[in-house]
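Quick notes on the structure that follows.
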Amino acid sequence: MKKLLIIGYVWPEPNSSAAGSRMMQLIHFFQSQHYQITFASPAQQTEHMVDLTTLNIAVENIQLNCTSFDDFIAELQPSAVMFDRFMMEEQFGWRVSEQCPQALKVLDSEDLFCLRHARHDAYKKSRLMAEDYSHTPGSLSSDLLSSELAKREVAAIFRCDLTLMISPKEIEILTDLFKVDVSLLHYLPFAFTQT
């Protein structure tokens with residue numbers, strides 16, 4: 001059976017956040033594709049998180065900057081690893097590459113954090129941010145290109161085999177502004193299910 005390791009920024013809480021709902025949608029998708037899933041996170045477990053074990057998902061508490069993760073993933077030998085947000089790829093991606101070089105590396109972006117940050121910064125400064133691709137001061141592209149957060153996030157995208165994107169606008173920004181090849185990006189919006 002194919003093995004998927006999901007490295008979560010937090011444990012999924014679908015009743016608390018859109019990110020939690022998104023993660024559960026991805027989990028159900030990979031289960032439908034017959035993946036055996038292990039969910040690992042360095043975050044504190046909460047009373048609101050989904051009991052993943054009831055869904056036949058193995059759970060693992062992992063630590064940042066600890067070689068115990070190397071032993072864990074070397075034993076697991078997943079065929080694919082999905083990072084929940086770019087920060088998890090930054091922390092664990094190089095360890096995955098060292099211990100399981102054959103594993104497919106997928107980044108679930110949740111959203112483009114550098115874009116969110118640039119918009120938030122513009123709002124805090126009561127400044128309109130032109131959403132164009134000129135390189136004039138105050139334009140969206142100027143703010144993003146000078147952002148350390150954007151450099152970190154785009155670097156994580158380049159280190160992965162595939163990045164899941166929720167927004168076509170974010171894909172446009174990545175391909176036009178940061179010259180990310182479209183083959184590295186996959187548009188996968190929120191899926192709504194009827195109950």
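Judged purely by distance below 3.5 Å, without hydrogens or angles, the side chains of Q45 and N61 pair a donor atom with an acceptor atom. Using modelled atom types and a 3.5 Å distance limit, the side chains of E13 and S16 yield a donor-acceptor pair.
With L174 as reference, L112 is the one residue of V182, T163, L112 to meet the side chain to side chain contact (heavy atoms under 4.5 Å, CB included) rule. Screening L184, L188, L107, I171 against M165 for a side chain to side chain contact (heavy atoms under 4.5 Å, CB included) leaves a single residue, I171.
Heavy atoms of other residues, nucleotides or ligands lying less than 6.0 angstrom from OH of Y9 number 12 at most. Annotation for E75: atom CD does not count as buried by contact number, only 12 or fewer foreign heavy atoms lying within 6.0 Å. Other residues, nucleotides and ligands contribute over 12 non-hydrogen atoms within 6.0 Å of the CG atom of D51.
Between the CG atom in L5 and the CD1 atom in I73 there is a gap of 5.0 Å [rounded to 0.5 Å].
Residues T46 and W11 fail the side-chain proximity criterion, which asks for heavy atoms closer than 4.5 Å. Between Y35 and I27 the shortest side-chain heavy-atom distance does not fall below 4.5 Å.
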| field | Worked check of side chain to side chain contact (heavy atoms under 4.5 Å, CB included) between I57 and F30 | value | CA-CA 11 Å; I57 296 170; F30 281 106; over 6 Å; no
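Salt-bridge formation is not detected for the pair D108/R85: no Lys NZ or Arg NE/NH1/NH2 atom is positioned less than 4.0 Å from an Asp or Glu carboxylate oxygen. E90 and R152 are joined by a salt bridge, as a carboxylate oxygen and a charged side-chain nitrogen come within less than 4.0 angstrom of each other. A salt bridge links R95 and D70; the closest N-O separation between the charged side-chain nitrogens and carboxylate oxygens is under 4.0 Å.
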